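Just so we're clear, the structure is a prediction, and the values are computed from it rather than from any experiment.
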Amino acid sequence: MSESCQLAAEDSRVVIAVDLDYFYAQCEEVRDLSIKNKPVVICVFSGRSEDSGAVSTANYIARSLGVKSGIPIRLAKRILREDSTAVFLPMDIEYYRIVSERIMEIIQSKGRKFEQTSIDEAYLDVTTEAGADYERAEMVGRSIKEGILTSEKMACSIGIGKNKLVAKMAVDSHKPNGFTVFSPGKVRSFLDPLPVGKLFGIGPKTEEKLRAMGIALVSELAKANPKTLSDHFGKNLGPTLREIANGEDNSPVVEKPIEQFSRIITLKKDAQTFDFKDVLAPLSSDLSEKLSSSNLNCKSIGIIAITNQLKIKTRSRTIPFPTQSGDEILKIASELFFAFFDEEKSVDGLKIRRAGIRIADLSPITTPKSGTLEDFV
DNA sequence: AATACCGGCGAGT
DNA sequence: TCATACTCGCCGGTATT
């Protein structure tokens, strides 16, 4: 191999990140073209009262007016009260899933190493296809963008880089309808001047902790004393923080098996206790159905309680025999809630706002082929 | 000492 | 009351072996 082909090992991959723009709201725009030039707000109504709940996402017209993910629906309506064209729609997750599945197939068809990380995001490692050649990787990226636009009439943003982290930083840097390439040589110059909070994986808490240590910029984090970082963030997270500041990420593009899932609902009213069966039975049966349709058992069953102070409390139990039974899940969850309330009953004013069930420690159900005893020998 | 389990926290879509 | 519904990962403490 000639000298000019030599690459640092860490620079030898090419990864494409695909992000579907304002996905839920765009799904609704495509379903009803007449709302495309209006503010569109996708709402999760909690059902406690008129317009209680939160905004899941909003299109860019709504965002430009200050409506963003997570704000109360009532606040969004207040912000848009003078815009009679504004559209508020309940989240239709089933529909978005169907659209997502079709789009993910398009992305997956463009490369052999594919990883979907959420309903609207995916990575493609095109090292094999592009031979670490960024021009060829760009062509793959363009063809993904065109494919999604042609077959689903949907805009997306594309980011290309030497690993998932850099591709993600690239895609996030230009949205919506972006197409951004951070070639290996350009990574430092892009990352260095950013505040650390802009790095994927560093949120408000970590940013504030770093700031208190005198580290505000990525360039500073990139050279920070490893010992100091480990002392403050632990032996795993500490080194990782320095790595992401340097644009390093060895994690492969691979489809990961699901590790856990949960169902949670908002109670009609905050309560010190509630009718376990009424609230938990639907959650249990949903979870049981999902286990069953995925041919999985779970060995860990847990509860989630969100208090009136919006603090998250959890309890969980490992059971001796894996199960997918809705009745079993309901029974354990009820016991955990009962014990939780018993434990917390002395806490003054503690009430539960939302209640949920989580299952984890999943294992595939091995269904032995009928009549082939030899398989067990 | 190594591993499992548990509850809290943080980050992200 | 204004504050959804998820998933993933790490941390530290404690229990188990």
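Toward the 5' end of DNA chain C, the nearer of the two residues A:Leu237 and A:Ile71, judged by each one's closest nucleotide, is A:Ile71. When each of A:Arg353 and A:Arg263 is assigned the nucleotide of DNA chain C with its nearest heavy atom, A:Arg353 is the one assigned upstream, toward the 5' end. Of the two residues contacting DNA chain B, namely A:Asp361 and A:Lys175, the nearest-nucleotide position lying further toward the 5' end is that of A:Asp361.
A:Ser300 comes within 4.0 angstrom of no nucleic acid atom, judged by non-hydrogen atoms across all strands. A:Lys77 comes within 4.0 angstrom of no nucleic acid atom, judged by non-hydrogen atoms across all strands. Counting non-hydrogen atoms under 4.0 angstrom, A:Asp51 reaches nothing in the nucleic acid. Within 4.0 Å of A:Arg315, counting heavy atoms only, lie sugar-phosphate atoms of the nucleic acid but no base atom. A:Phe23 comes within 4.0 angstrom of no nucleic acid atom, judged by non-hydrogen atoms across all strands. Residue-level contact check: A:Thr318 touches the backbone only, with heavy atoms under 4.0 Å from sugar-phosphate atoms and none from bases. If you check every strand for non-hydrogen atoms under 4.0 Å, A:Phe45 touches nothing. Contact annotation for A:Arg78: no contact, since no heavy-atom pair falls under 4.0 Å across all strands. Using a 4.0 Å heavy-atom distance criterion, A:Ile119 is classed as making no nucleic acid contact.
In terms of phosphate contacts, A:Thr57 brings no side-chain nitrogen or oxygen within less than 4.0 Å of OP1 or OP2 of B:dT13. Listed pair A:Thr206 / B:dG10 fails the phosphate criterion, with no side-chain N or O lying under 4.0 Å from OP1 or OP2.
Boundaries of the chain A contact region on DNA chain C are C:dT1 to C:dC11, first to last in 5' to 3' order (nucleotide atom under 4.0 Å from a heavy atom).
Put simply, NZ on A:Lys313 is 8 Å from P on B:dC9, counting in whole angstrom units. One interatomic measurement links the two molecules: NZ of A:Lys68 to P of B:dT13, which rounds to 14 Å at whole-angstrom precision. Following rounding to the nearest Å, A:Ile304 (CD1) and B:dG8 (P) show an atom-to-atom distance of 12 Å. Taking atom NZ of residue A:Lys205 and atom C1' of nucleotide B:dA11, one finds them 12 Å apart after rounding to whole Å. As rounded to whole Å, 15 Å separates atom P of B:dC5 from atom CG of A:Leu336. A straight line from CZ of A:Arg317 to P of B:dG7 spans 10 Å, rounded to a whole angstrom. Taking atom CD1 on A:Ile301 and atom P on B:dG7, their separation rounds to 14 Å, with Å as the unit. Computed from coordinates, the A:Lys164 NZ to B:dA11 P distance equals 19 Å when rounded to whole Å.
The A:Lys299 side chain lies nearest to B:dC5 when the options are B:dG7, B:dC5, B:dC9.
A cation-pi arrangement, defined by a distance under 6.0 Å to the six-membered ring centre and an angle within 45 degrees of its axis, is present between A:Arg142 and A:Phe179. For the pair A:Lys313 and A:Phe340, the NZ or CZ position fails the cation-pi test of under 6.0 Å to the six-membered ring centre and within 45 degrees of the ring normal.
When each of A:Lys164, A:Met169, A:Lys162 is checked for a side chain to side chain contact (heavy atoms under 4.5 Å, CB included) with A:Asp249, only A:Lys164 meets the rule. When each of A:Asp92, A:Val99, A:Ile119, A:Asp120 is paired with A:Tyr24, the side chain to side chain contact (heavy atoms under 4.5 Å, CB included) condition holds for A:Ile119 and for no other.
Residues meeting the salt bridge (Lys or Arg N to Asp or Glu O under 4.0 Å) test with A:Arg97, sequence neighbours left out: A:Glu94.
The pairing partner recorded for C:dA3 is none, the criterion being a Watson-Crick or G-U wobble arrangement whose two distances lie under 3.5 angstrom. Applying the Watson-Crick and G-U wobble criteria (two distances, each under 3.5 Å), C:dC11 pairs with B:dG7.
Relative ring orientation between A:Phe276 and A:Phe341 is described as parallel, the plane-to-plane angle staying below 30° on a 0-90° scale split at 30° and 60°.
Contact record, A:Ile148 with A:Cys156: CD1-SG, 4.0 Å, taken as the closest heavy-atom pair.
Within the 4.5 Å cutoff, side-chain heavy atoms of A:Leu241 are placed close to those of A:Thr206. Within the 4.5 Å cutoff, the side chain of A:Met154 has heavy atoms near those of the A:Cys27 side chain.
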